[in-house]
There are 2 protein chains.
Amino acid sequence: MFSKACEYGIRAAVYVALQSLDGRRVSVNEIAEEIDSPIAFTAKILQQLSRSKVIHSVKGPTGGFELDRTEMDTVKLSMIVHAIDGDDIYVGCGLGLKECNANQPCPLHDKFVDIRTDLKNMLENTSLYELATGLEVGLTYLKR
Amino acid sequence: MFSKACEYGIRAAVYVALQSLDGRRVSVNEIAEEIDSPIAFTAKILQQLSRSKVIHSVKGPTGGFELDRTEMDTVKLSMIVHAIDGDDIYVGCGLGLKECNANQPCPLHDKFVDIRTDLKNMLENTSLYELATGLEVGLTYLKR
DNA sequence: AATAAATAGGACAAAAATGTCCTTTATTGG
DNA sequence: CCAATAAAGGACATTTTTGTCCTATTTATT
């Protein structure tokens, strides 16, 4: 469904949001530790997210990654997925056809549109804040 | 969503079904031509489908791939996806966690379950016959 | 029996995704 | 200013996926 990079990216962003709720700025090392992901690879992904304005980064001692309270509401999963995996999930044909659309549909087109619309809606309506608060309350987990 | 191999696999199987409706047995070359896929790679995928009993293969002159009318109804997309991509789509956690489940869910678990259930139902309820007949009538396409 | 047509399958090649290592840059605090 | 800390980024390594090529096997036809 999502690439590994995207999975790590979402988990990392949720962890950053969670810690930002307490005003804590977090390092790549801490993030990778807490979401159980390869450190250097996670660093690359955090760079992407930072460049895409999904999270905010600060260099130097006391630096790290953070999100302000407003951003947690604004940033939806769709933005993370888009930043890392591009728009394949939204745009592409389920059977890989280049010119598949309502006029010239692949055999799976209609059935696929339904499912993808649901997925798209879910991603576009789920904020980091929502996911972070679930974690805060101890209802959900980011590793194992 | 699906791997390239799986996309080719589904398109190939639908084409085989379509031709089998007319009692025609088809070769790898014809299939690859008609679904616009790499020949040798498509051959490998057809082997997999044949070993998984999704389609039937016949060696030698006049040989090729075919499906009988009963199989077209029995074979659902889920069988093809399973044969080629395994059960990742059904089983795996959306965020890549090993032990994600209802007891210890990732932050996306519940939302993901809904979408995946829909996808699963769609794949399990869509037969090759259904897809092939749409093609036969000229409503859908397998290339471009 | 010989030939030719077709799938089966092994070995290899290329490309993409995943992952690591090391250097550079920015920034803080002493 | 200096040393230490943390992200940024370039280069490289590994693994997986995608794709190709060649040979072996099966079988229909003559």
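Every heavy atom of this structure was used, including side-chain atoms; hydrogens, water molecules and symmetry mates were not. Within every chain, numbering begins at 1; the chains are lettered A, B, ... in the order of the sequence lines, protein sequences first and strands thereafter.
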Shortest non-hydrogen separation from B:R144 to B:D36 and the atoms involved = NE-OD2, 3.9 Å
Could you encode protein contacts along nucleotides 12-23 of chain C as a string, one character per nucleotide from 5' to 3', using B for base contact, S for sugar-phosphate-only contact and - for no contact, with a heavy-atom cut-off of under 4.0 Å?
-> ------SBB---
What is the per-nucleotide protein-contact pattern of nucleotides 24-30 of chain D, from the 5' end, where B denotes a base atom under 4.0 Å from a protein heavy atom, S denotes such proximity for sugar-phosphate atoms only, and - denotes neither?
-> -BBBB--
Tell me whether [X] is salt-bridged to [Y], with the criterion being a basic N under 4.0 Å from an acidic carboxylate O.
X      : Y      : value
B:K76  : B:E124 : no
B:K111 : A:E130 : yes
A:E99  : B:K143 : no

Sugar-phosphate, base or nothing in reach of B:R51, heavy atoms under 4.0 Å = sugar-phosphate
Let me know the distance between [atom1] of [X] and [atom2] of [N], rounded to the nearest Å.
X     : N      : atom1 : atom2 : answer
B:E7  : D:dT17 : CD    : P     : 14 Å
B:Q48 : D:dG19 : CD    : P     : 13 Å
A:L49 : D:dA8  : CG    : P     : 10 Å
B:L46 : D:dG19 : CG    : P     : 14 Å
A:I45 : D:dA7  : CD1   : C1'   : 15 Å
A:E66 : C:dT27 : CD    : P     : 13 Å
A:N29 : D:dA4  : CG    : C1'   : 15 Å

Measure the shortest side-chain to side-chain distance between A:H56 and A:L67 over non-hydrogen atoms and say whether it is less than 4.5 angstrom.
-> no
OP1 or OP2 of D:dA6 sitting under 4.0 Å from any side-chain N/O of A:S57?
-> no
Does B:Q47 have a side-chain nitrogen or oxygen under 4.0 Å from the phosphate oxygens OP1 or OP2 of C:dG9?
-> yes
Return yes if a side-chain donor-acceptor contact under 3.5 Å exists between B:E71 and B:Y129, otherwise no.
-> no
Are B:M122 and B:L135 joined in one hydrophobic group, where the rule is that I, L, V, M, F, W and Y side chains link up if heavy atoms are under 4.5 Å apart?
-> yes
Are the side chain of B:N29 and the backbone of B:I39 linked by a donor-acceptor contact shorter than 3.5 Å?
-> no
Check the angle between the aromatic planes of B:F2 and A:F112 and answer parallel, tilted or perpendicular using the 30° and 60° thresholds.
-> tilted
